[in-house]
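As structure tokens, the structure follows; a few thoughts come after it.
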Amino acid sequence: MLRVTIWNEHLQDKTQANVIATYPDGINAGVGKAFESEKDITIQYATMDMPDHGLTQDVIDNTDVLIWWAHCGHDKVEDAIAARVIEAVHKSMGFIALHSAHLSKPFTRLLGSTGTLRWRDNDRERIWVTSPAHPIAQGLPEYFELPVEEMYGEHFDVPNPDDVVFIGWFAGGEVFRSGMTWRRGYGKVFYFQPGHEEYPTYFDKNIQQVLRNAARWAAPTMRRAEIACPNPKPLETV
């Protein structure tokens, strides 16, 4: 069974009327819609207002893939919790950063870059599959469109990825590497751009397919207990 924890700072979706109207049960629940019918995946939710931001050591130890949505509360995340997430990724936990999580502490510190980019609101986006053989792209058409989404544009300050799975093109002419992967230690990292809080992006069937694919791709191939190897034996002399 694949254990997925969906983390959401849970700020705008409990205070901002238009966001509440779009995601009345919270953005995390919107993301969770992608997994409701998956019999091999269990989900749990964590939010910033919980003890340890909902990411206690026990929660982390029982999470295979952590999905992170954030926007305006990056600086409110405690450094110790971010470090806990980063350590778990290095030990094989998958990490999926959604939309404005490009500025979150776990994402920028895992990648060692600022995560800055260009942006503006309210545009149409066509998302092209640029790596059709990649597991995250399985079951998707050549491209799909979102009638309204926040424009993110280059330059996106991240290190060169292992894979560029998607490129977003916007009606204003901008392009963006909207789906990229990296490996950090034993863990896998995926960044996926669509998901502005004012728009119903996470109810789109293609977006949901990406999230399911990404969770399965990011799943650990080794248990963390297996990775905690004993001290190596000294080299034999000849």
Rounding to 0.5 Å, atoms CD1 (I43) and OG1 (T5) come to a distance of 9.5 Å
Hey, quick one: are F156 and V210 part of the same hydrophobic cluster, counting side-chain heavy atoms closer than 4.5 Å, chains of contacts allowed? no
Ignoring hydrogens and geometry, is there a side-chain-to-backbone donor-acceptor pair from R84 to L55 under 3.5 Å? yes
Side chains of W182 and P159: closer than 4.5 Å at any heavy-atom pair? yes
When rounded to the nearest 0.5 angstrom, what is the spacing between CD in E78 and CE in M48? 9.5 Å
Shared hydrophobic cluster for M180 and M151 (ILVMFWY, side-chain gaps under 4.5 Å): yes
Whether K188 engages the ring of W217 as a cation-pi pair (distance to the six-membered ring centre under 6.0 angstrom, angle to the ring normal within 45°) should be assessed. yes
Residue pair P194 / T201: nearest heavy atoms and the distance that separates them: CB-CG2, 3.8 Å
Closer than 3.5 angstrom, by distance alone: can the side chain of E9 be matched with the main-chain N or O of C72 as a donor-acceptor pair? yes
Please confirm whether the backbone N or O of V164 pairs with a side-chain atom of T130, one donor and one acceptor, at under 3.5 Å? yes
Who passes side-chain contact (heavy atoms from CB on, under 4.5 Å) against D25, sequence neighbours left out? A29
How many angstroms lie between atom CG of D13 and atom OG1 of T47, to the nearest 0.5 angstrom? 9.0 Å
Applying side chain to side chain contact (heavy atoms under 4.5 Å, CB included), run through S178 and E125 and close with a yes or a no. CA-CA 10 Å; S178 57; E125 181 178 9; 4.2 Å; yes
May I have the step-by-step check of side chain to side chain contact (heavy atoms under 4.5 Å, CB included) for T221 and Y186, ending in yes or no? CA-CA 9 Å; T221 55; Y186 289 92; over 6 Å; no
Spell out, as yes or no, whether a donor-acceptor pair under 3.5 Å connects the side chain of W69 to the backbone of G195. yes
Taking the six-membered ring for Trp, are the ring centroids of F95 and F190 within less than 6.0 Å of each other? no
Salt bridge (charged side-chain N to carboxylate O under 4.0 Å, His left out) partners of residues 40-51, not counting sequence neighbours, each pair once: K14-D49, D40-R216
Whether the D121 and Y199 side chains hold a donor-acceptor pair (N or O, under 3.5 Å, no angle test) is what I'd like checked. yes
What do you reckon, are the aromatic ring centroids of F203 and Y23 less than 6.0 Å apart? yes
Check the side chains of H71 and Q12 for a donor-acceptor pair under 3.5 angstrom, ignoring hydrogens and angles. yes
What's the shortest heavy-atom distance between R109 and A82, and which atoms? NH1-CB, 4.4 Å
Test item: N206 and L146 side chains (from C-beta on) under 4.5 Å apart, heavy atoms: no
Check for a donor-acceptor pair, side chain of T63 on one end and backbone N or O of L66 on the other, with a separation under 3.5 Å. no
Below 4.5 Å, heavy atoms only, C-beta onward: do W7 and N28 meet side chain to side chain? no
Given the rule that I, L, V, M, F, W and Y join up when any side-chain heavy atoms are under 4.5 Å apart, are I86 and V59 in one cluster? yes
Using only atom types and a distance under 3.5 Å, with no angle test, would you say the side chain of D52 pairs donor to acceptor with the backbone of G54? no
How many angstroms lie between CD1 in I167 and CH2 in W128, if you round to the nearest 0.5 Å? 11.0 Å
Would you call W68 and I96 a side-chain contact if the rule is heavy atoms closer than 4.5 Å? no
Report whether Y191 and V31 are members of the same hydrophobic cluster (ILVMFWY, side-chain heavy atoms less than 4.5 Å apart, transitive linking). no
Return the orientation label for the Y152 and H102 ring planes: parallel under 30°, perpendicular over 60°, tilted otherwise. perpendicular
Looking only at non-hydrogen atoms, find the nearest pair between F107 and A97 and report the distance. CD1-CB, 3.7 Å
Under a 4.0 Å N-O cut-off, is there an ion pair linking R124 with E145? yes
Non-hydrogen side-chain atoms of V85 and L110 separated by less than 4.5 Å: no
Over all atoms of both residues, closest heavy-atom pair of G153 and L117: O-CB, 3.7 Å
Before accepting this row, confirm whether a basic side-chain N of the pair E174/R120 lies closer than 4.0 Å to the acidic partner's carboxylate O. yes
Please answer: with hydrophobic residues joined when any side-chain heavy atoms are less than 4.5 Å apart, are F166 and V189 in the same cluster? no
Filter on salt bridge (charged side-chain N to carboxylate O under 4.0 Å, His left out), then keep only pairs touching residues 148-165, sequence neighbours left out; what's left? E154-R177
T22 side chain to N18 backbone, donor-acceptor under 3.5 Å: yes
Considering only heavy atoms from C-beta outward, does the side chain of P220 approach that of D64 to under 4.5 Å? yes
Give every residue pair that meets the ring-ring contact (aromatic ring centres under 6.0 Å, His included) criterion with at least one member in residues 28-63, sequence neighbours excluded. none
By side-chain contact (heavy atoms from CB on, under 4.5 Å) - contacts of Q209 (at least two apart): L140, R212, N213
What verdict does the side chain to side chain contact (heavy atoms under 4.5 Å, CB included) test give for T42 and V4, after you've listed the backbone C-alpha separation in whole Å, the side-chain angles of each residue and the deciding distance to 0.1 Å? CA-CA 6 Å; T42 63; V4 175; over 6 Å; no
So with a 6.0 Å cut-off around CD of E142, is the heavy-atom count from everything else above 12? no
Heavy-atom closest pair, residues V158 and S113: CA-OG, 3.5 Å
Under 6.0 Å from the NZ atom of K91, do we count more than 12 heavy atoms belonging to anything else shown? no
Side-chain (D123) to main-chain (G172) donor-acceptor, under 3.5 angstrom: yes
Closest heavy-atom pair and its distance - I20, T15: CD1-N, 3.9 Å
Can you label the angle between the H99 ring and the H196 ring as parallel, tilted or perpendicular, going by 30° and 60°? perpendicular
Would W169 and Y143 count as a side chain to side chain contact (heavy atoms under 4.5 Å, CB included) if you check the C-alpha gap in whole Å, the side-chain angles of each, and the deciding distance to 0.1 Å? CA-CA 10 Å; W169 171 87; Y143 69 86; over 6 Å; no
Applying salt bridge (charged side-chain N to carboxylate O under 4.0 Å, His left out) to R3 and D61, what does each step give before you reach the verdict? CA-CA 10 Å; R3 303 166 298 176; D61 288 345; over 6 Å; no
Within a strict 4.5 Å, meaning less than it, do heavy atoms of the Q208 and K33 side chains meet? yes
How about Q193 and L98: do any of their side-chain heavy atoms sit closer than 4.5 Å? no
Check which hydrophobic residues are tied to L11 through side-chain heavy-atom contacts below 4.5 Å, counting indirect links as well, and list them. none
